[in-house]
Amino acid sequence: MIPLIYGSTTGNTERISQLIAECWPGNTPLNLISIDSMVNADIEHASSVIIGVPTWNFGELQEDWEEVWTSFCEIDFCGKRVALFGLGDQLGYGDWFLDAMGMVATQVSQKGATLVGEWPVEGYDFESSKALTPCKNAFVGLALDEDTQPFETRDRVERWLNLVYPQL
């Protein structure tokens with residue numbers, strides 16, 4: 001099983017996690033785990049991990065992520081492939097769009113993860129983001145905006161899964 005770890009206050013990230021599991025093209029099933037019930041062993045015993053991170057307020061981690069952040073930062077990601085997806089509001093919070101996904105990407109990379117599933121910035125309207133790759137033409141993972149672009153979500157999830165599945 002591939003763990004899909006997520007945090008969700010409003011239910012959007014949980015719903016997207018369920019959509020990812022529904023659209024998953026692989027034979028290996030996904031194990032959906034809320035970050036507030038995750039134990040580090042859920043990740044430590046996996047070779048591939050999917051992580052869903054909503055950005056909250058002004059570029060902050062969602063409350064469940066905040067509560068486990070210290071413990072999460074202790075996880076060794078060496079040899080693991082990690083695919084990220086993030087939720088944010090590009091118009092209401094365009095200065096901090098998907099910053100939490102960028103924070104998680106930085107952390108898992110520093111702990112040895114190989115990130116997979118970059119996503120192009122075309123089709124988004126935002127000012128800045130910590131979730132951009134160094135060349136700034138892509139996000140470190142799938143970018144979703146349930147506030148202003150919910151009509152794009154299913155198509156983006158399906159296209160992203162076709163990109164990341166072979167890499168996980």
Side-chain angles (χ1 to χ4, degrees), residues 3-23 32-36 38 43 49-70 72-73 75 77 81-111 113-165 167-168:
L4 189 160
I5 310 297
Y6 67 90
S8 191
T9 297
T10 63
N12 284 341
T13 310
E14 181 177 17
R15 188 175 45 74
I16 299 304
S17 298
Q18 292 166 349
L19 177 63
I20 288 171
E22 173 189 320
C23 297
L32 276 60
I33 304 168
S34 176
I35 190 71
D36 61 357
M38 182 201 80
I43 293 176
V49 181
I50 301 173
I51 300 176
V53 187
T55 296
W56 205 248
N57 293 325
F58 302 102
E60 299 167 23
L61 290 169
Q62 181 262 349
E63 59 202 21
D64 296 334
W65 276 97
E66 269 187 2
E67 289 179 19
V68 302
W69 187 248
T70 301
F72 181 80
C73 289
I75 299 172
F77 281 89
R81 292 170 307 281
V82 176
L84 299 167
F85 68 97
L87 280 76
D89 178 352
Q90 62 191 308
L91 298 182
Y93 296 90
D95 288 332
W96 306 276
F97 186 53
L98 305 174
D99 278 0
M101 180 169 67
M103 288 184 265
V104 171
T106 298
Q107 177 58 36
V108 299
S109 294
Q110 288 174 349
K111 290 294 203 157
T114 299
L115 294 179
V116 299
E118 289 182 0
W119 189 253
V121 297
E122 289 82 24
Y124 300 89
D125 184 18
F126 63 98
E127 297 301 316
S128 65
S129 177
K130 291 179 182 176
L132 294 174
T133 60
C135 61
K136 301 198 183 302
N137 66 350
F139 295 105
V140 294
L142 176 62
L144 298 171
D145 183 343
E146 291 299 283
D147 295 301
T148 63
Q149 294 180 328
F151 51 88
E152 297 277 7
T153 297
R154 186 175 199 68
D155 179 60
R156 286 176 173 164
V157 165
E158 289 173 350
R159 287 187 294 136
W160 181 71
L161 286 175
N162 286 326
L163 291 172
V164 299
Y165 168 68
Q167 300 176 56
L168 287 176

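Computed from a predicted structure; not experimentally measured.
Between Phe77 and Phe72, the distance from one ring center to the other falls under 6.0 angstrom. In this structure, the ring of Phe58 has its center less than 6.0 angstrom from the ring center of Trp96.
A salt bridge is absent between Glu152 and Arg159: the closest approach of a Lys/Arg side-chain nitrogen to an acidic carboxylate oxygen does not fall below 4.0 angstrom.
Side chain of Asp95 to backbone of Glu127: no donor-acceptor contact under 3.5 angstrom is found. The closest donor-acceptor contact from the side chain of Asp145 to the backbone of Thr148 lies under 3.5 Å. Listed for the Arg81 side chain is a donor-acceptor partner under 3.5 Å among the backbone atoms of Gln167. The main-chain N or O of Ser8 is never found under 3.5 Å from a side-chain atom of Asn12 such that the two would form a donor-acceptor pair. Under the 3.5 Å distance criterion, the side-chain polar atoms of Thr55 are left unmatched by any main-chain donor or acceptor of Gly88. A donor-acceptor contact shorter than 3.5 Å is absent between the side chain of Thr13 and the backbone of Val53. Counting only distance, with no hydrogens or angles, the side chain of Gln149 and the backbone of Gln90 share no donor-acceptor pair below 3.5 Å. Of the possible polar contacts, one joining the Thr153 side chain to the Pro150 backbone as a donor-acceptor pair under 3.5 Å is found.
Here the side chains of Ile35 and Trp69 are not in contact, with every heavy-atom distance at 4.5 Å or above. Taking 4.5 Å as the limit, some side-chain heavy atom of Ile50 sits within range of a side-chain heavy atom of Leu168. Taking 4.5 Å as the limit, some side-chain heavy atom of Val157 sits within range of a side-chain heavy atom of Leu144. Contact annotation: the side chain of Met38 approaches that of Ile75 to within less than 4.5 Å [non-hydrogen atoms, C-beta and beyond]. Two residues are said to be in side-chain contact when any heavy atoms from C-beta on lie closer than 4.5 Å; Ile16 and Tyr6 fail this criterion.
The aromatic rings of Phe139 and Tyr124 sit perpendicular to each other, their planes meeting at more than 60°, with 30° as the lower class boundary.
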